[in-house]
Structures are given as C-alpha cells and as structure tokens.
Colleague: 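There's a structure below that I have some questions on.
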Number of protein chains: 2
Amino acid sequence: MADGLTGAGRPGTAASPRQLTRGRVVQAAVEFVDKHGMRELTMRRLGAYLGVDPMAIYRHVPGRDALLDAVVGVVVDDVLEVMRREEAEPGTWDAYLERLAHAVRGAALAHPQVFPLVATRPPAAPWLRPPLRSVRWVELFLRTLRGAGFSGRQAVAAYRAFTSFLLGHLLLEVSAIGVDTSPVDEPAPTDPGVGDLAGFPTVAGLQAELTEDHSAAEFQRALDDLVAHVAAMRTGA
Amino acid sequence: MADGLTGAGRPGTAASPRQLTRGRVVQAAVEFVDKHGMRELTMRRLGAYLGVDPMAIYRHVPGRDALLDAVVGVVVDDVLEVMRREEAEPGTWDAYLERLAHAVRGAALAHPQVFPLVATRPPAAPWLRPPLRSVRWVELFLRTLRGAGFSGRQAVAAYRAFTSFLLGHLLLEVSAIGVDTSPVDEPAPTDPGVGDLAGFPTVAGLQAELTEDHSAAEFQRALDDLVAHVAAMRTGA
DNA sequence: ACCTGAACACCGTTCAAGT
DNA sequence: ACCTGAACACCGTTCAAGT
C-alpha cells in the first residue's frame, strides 16, 4: 500500500495491493461471487471490496452487464486454457469429449455460484451455446471433431448434444450444492420439510434415495451415453 | 371497470378489471414477464401494470422473491395439471415420459422468458430438481414409474436423468429464441458478427450449419436416447 | 382494523466540479 | 486531461399517519 507510488488512501479489504486494472476488477468480482453469491454483488460493494471509489470501476468496465460477462469469461477461459494445452495431444475424439466434459465440470464445481450465470447470460450469438460460449471454444471443439473425421454437419450435431448434456447435468449439480444461502438460515440440515410430505407417500418413502448424492457417477454414466449417441449419429447420418 | 362495485379510481393498463387478488397479481406478473422479460419486472412497474398502488401488491405476496417463486409455480402447475388428467390413463412408462417431456417443452416454449427462472431459482429442497420442482410433480413421476414396475432406486435414478435431460435441452432452446432483447437492438438479423470470425476458420465454414434450427428433432432424438438409457438402467441395475 | 403513500436504505450510472 | 464524489433516477420495503 504505502509503496510510495500509489497515492490511494485506504487499504483494500481484499487482495488488491496496487493499481486498479480491468483484470483485477474482474478477478475480484469472481472472488466476491464465490464468497458471497451473485445476489450480493453490487458495483458499490465491489468497490468497497477493492478498497476504491465505486466509480473507479467504471474506468475499467463499461457497466454492470459487461462486468458479469467478463466474470463468465474468466471461468470459461480457465477451461479453454486447460484444453488448449491438450489440443495437439494424440487421442480419439471420444477421449477428447471425456477430457473436455470433466474440465468443464471441474470449473463449474470450482465456481458453483458463477455457473448459473454461465448458463443463463444471453450469448453473443444464438449458436454460441452455454457452457461452451466463446467462439474460441467452439472453434476448438469443431476443429477437433473435424480432425477426427466428422463431417461439418456431424460435428455441429455433436456440439449441440454435448452442450445440452453439460448444461443440464452441471446446472443441477451446482444448484444442489447450496448456491445462494442468502435467505434466512435453513431450519435444520436434516429432514428438509418432512412434515409437509403428508399427501406424497411415494416421495416420503423414497426420501433416503432422493437425498443420496451420486453426481459424479451419474455424470460419468450420462457422458458415456452421450459418447455412444455421438458415435451412433456419426455412423448413422 | 365502471361496473358499479369496484371503487378503484384509474383503470388498469392491463386485464385486471376488478378486486386485486393473489392469483391476479401472479398472473399479471407472468404476462408482464412474457411481454417484457424478467429484467423489466419491478414491484412498482407491476403495480402500474395492474393499475394499483405498488404497495398493494405486498398485501397479497410477501415480497419480490415470493412473487418470483409464485411465477415459477404457475408455469410448473400448468404442466402438472395437464399430466394429472392423464394419470389414470393406460400406457407404458416410456409413453408417460414421452408425454411429460413434450408437456414441459410446451410450457417452456409458451413462456420462454420465464423458463430460465424455473431453471435457476433455488429449489425448496435439494432433491427437487428443476424443471420438475414441486413435490406434487415428483410424487406423480415416481408413483408412475413405481407403478410400471420400477424399484424405488430405479425410479429415483430415472427422475435424475430425466430432469437433467429436460433442463439442458429446454434451457438452450428457449435461450436461442431471443430471451431478453433488452439491450440495444441487434445490428442485423443476418450475419451475426461474421466479421470477427477471422481467426476461426472452422466456425466460419460451418456458419450455415450452426445457424440452422433443429430443436424439435434434436429434442426427440435425445428423448429417445434418454428412454433407452432408463430402460438399460432398469434391466441392468 | 384496514389501507395508503411518504420515507428509508439502498441500487446503477451520469456528469459537473474539482485537481 | 484526468479523476472524484455529489446528484439523479430508480429500486424493494417499512411504517407511521391517515381513514
């Protein structure tokens, strides 16, 4: 802080010791959302978190919407970087889909509060489907499949099926983690409203099964199915 | 309006000729969101839309969050009602899944602006998975499958796979419809940013295929796959 | 007792006034 | 020329003052 160059007054509450920068603003927003959830993210609160005047943020980002897009971009690019390193690696297309799926899942679980944003922000183009919502990502995906012998049409069909699969599974998985937690504290972690299950005998009887978490196994199983689906559409169409 | 009974002063801008009611408030909110999108929905604007004092809404709904939950509930219950009528109908479990899937898709396409809310509002319990997010719905689903010979565990697994499938496909389908449209008008409906596709030859080359819409066929194909998946998990496990 | 609307504590963002 | 912070046009919600 008192390093002689920055004339800023108060120290930031968080990790931002020096000059404000677009990257620093966006990174702070990701941290803030990870910590407190989307609902708490406010331009003014982010300013306080960074230890700067709230208006200073507007010098690096045009407004709140652009900031949210940038937050999504950070998470999306994280996975992109992981996958780019493997681009040249040998391997079949199904091994590629497998790696990509688990990379995206890793990012979603690392930022469960951000992922719903990845899923629902209006994409820049209608064919940019969440969560693979950057042109670079789509390019990489399609190129890999084309390189594996897919026709253009087949590669696009695989892109569509793959994104649907990822979105459904990951959105449900992160939403089960307890995203938000902002309203009043839940009554008790055990029996969540068992009392009002009076008229629902089947649900009541399966309460134990419904509460068990098999996310990882179900994800893998659905992924296997998806790969089979893509393989079938490849030979079929 | 001037039907002699209601003493209200100004006529509502929309269809609300008589006494304010919880149902009327929620219904107006659904209409408003269908027309203007989630971002525009405000307690004050909803009051204006109903032609009442904004504070009057609070007499029928505890707050904004509760209103949003109620909006989701309306869409969810629409489908529920359709399916309940068919509960006693004969038919195999896969015909049931088929009907239910298309019923939910119909609701999503009827309210594309509301569906992202159905998908992302934190559920009342972690095992209430969007878009089948009411206990009554889960009860009906599980009961039907149990009735078709599924074990409890198998029925729950089918419930999980089915909700993931629906959520991924429908969220992507409605988001492609052009949900929002609130920011500045798009430049042109044709070539969406073809200019910046310089470094992305594969995407550029597949622009036509990427723009084509095969939602209905893809939904059906994925649904067939899901049914096969469930059938396999039933004989397998 | 019920309802209204002024008031409060916030927002995102603009822009004039300072340096 | 650059940056700050007062000010504007909104929010959701409370609550005292009216009927």
Side-chain angles (χ1 to χ4, degrees), chain A residues 1 4-13 16 18-22 24-26 28-30 32-33 35-72 113 117 121-122 180 182-184, chain B residues 5-13 16 18-22 24-26 28-30 32-33 35-72 113 117 121-122 180 182-184:
Chain A
M1 213 78 351
L5 279 182
T6 60
R10 245 57 43 72
T13 22
S16 71
R18 52 190 79 254
Q19 182 91 34
L20 201 59
T21 231
R22 188 191 145 92
R24 199 177 307 279
V25 167
V26 176
V30 172
F32 190 95
V33 173
K35 226 175 284 189
H36 306 108
M38 267 307 304
R39 302 184 49 137
E40 301 295 316
L41 179 65
T42 259
M43 298 302 268
R44 290 163 130 106
R45 283 209 268 250
L46 183 59
Y49 181 76
L50 281 161
V52 303
D53 186 289
M55 296 309 114
I57 295 171
Y58 285 88
R59 304 205 31 64
H60 300 94
V61 131
R64 184 165 201 267
D65 269 359
L67 177 64
L68 296 187
D69 283 338
V71 164
V72 168
Q113 307 260 27
L117 213 61
R121 283 247 105 200
D180 222 18
S182 66
V184 201
Chain B
L5 278 182
T6 60
R10 244 59 42 71
T13 22
S16 71
R18 52 191 78 253
Q19 182 91 31
L20 200 59
T21 231
R22 188 192 144 94
R24 199 178 307 279
V25 167
V26 176
V30 171
F32 190 94
V33 172
K35 225 175 286 190
H36 306 108
M38 267 308 305
R39 300 183 50 135
E40 302 295 317
L41 180 65
T42 259
M43 299 301 270
R44 290 162 129 106
R45 284 209 267 251
L46 183 59
Y49 180 77
L50 282 162
V52 303
D53 186 289
M55 296 310 113
I57 296 172
Y58 285 89
R59 302 206 32 61
H60 301 94
V61 130
R64 185 166 200 265
D65 269 359
L67 177 64
L68 296 187
D69 283 338
V71 164
V72 168
Q113 307 261 27
L117 214 60
R121 284 248 105 199
D180 223 17
S182 64
V184 201

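Protein chains get the first letters and strands the later ones, always in sequence-line order, with residue 1 at the start of each.
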Colleague: Rounded to the nearest 0.5 Å, what separates atom CD in A:Gln113 from atom NE2 in A:His36?
Modeller: 10.0 Å

Colleague: For DNA chain D, which consecutive runs of 3 or more Watson-Crick or G-U pairs (each distance under 3.5 Å) count as stems?
Modeller: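 Only these stems qualify: C:4-8 with D:12-16, C:12-16 with D:4-8.
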
Colleague: So, for A:Val30 and A:Val71, which heavy atoms are closest and what is the spacing to 0.1 Å?
Modeller: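 What the structure gives for the nearest pair is CG2-CG1, 4.0 Å.
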
Colleague: What residues, two or more places apart in sequence or in another chain, satisfy salt bridge (charged side-chain N to carboxylate O under 4.0 Å, His left out) together with B:Arg45?
Modeller: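 Residues passing salt bridge (charged side-chain N to carboxylate O under 4.0 Å, His left out) with B:Arg45: B:Glu40.
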
Colleague: Just checking A:Met55: base, sugar-phosphate only, or nothing, at a heavy-atom cut-off of under 4.0 Å?
Modeller: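 Touches a base.
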
Colleague: For A:Pro62 and A:Arg45, find the nucleotide of DNA chain C closest to each by heavy atoms; which residue's nucleotide sits nearer the 5' end?
Modeller: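 Final value for this comparison: A:Arg45.
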
Colleague: On a whole-Å scale, what distance lies between the C1' atoms belonging to C:dG12 and D:dT14?
Modeller: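 After rounding to an integer number of Å, I get 23 Å for this pair.
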
Colleague: Hey, where on DNA chain D does chain A first and last touch, going 5' to 3'? Cut-off is any atom under 4.0 Å from a heavy atom.
Modeller: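 Terminal contacting nucleotides, 5' to 3': D:dC3 to D:dA7.
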
Colleague: Between A:Arg39 and B:Asp65, is any pair of side-chain heavy atoms under 4.5 Å apart?
Modeller: yes

Colleague: List, one per line, each side-chain donor-acceptor pair under 3.5 Å for residues 50-64 of chain B, sequence neighbours excluded.
Modeller:
unit_1	atom_1	unit_2	atom_2	d
B:Asp53	OD1	B:Met55	N	2.7
B:His60	ND1	B:Ala56	O	3.4
B:His60	NE2	B:Leu20	O	3.3
B:Arg64	NH2	B:Leu41	O	2.7

Colleague: For the residue pair B:Leu67 and B:Leu46, establish whether any side-chain heavy-atom pair is separated by less than 4.5 Å.
Modeller: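 In short, these two side chains touch, coming nearer than 4.5 Å.
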
Colleague: With rounding to whole Å, what would you report as the distance between C:dT13 and D:dT13 at their C1' atoms?
Modeller: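 C:dT13 and D:dT13 have their C1' atoms separated by 23 Å.
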
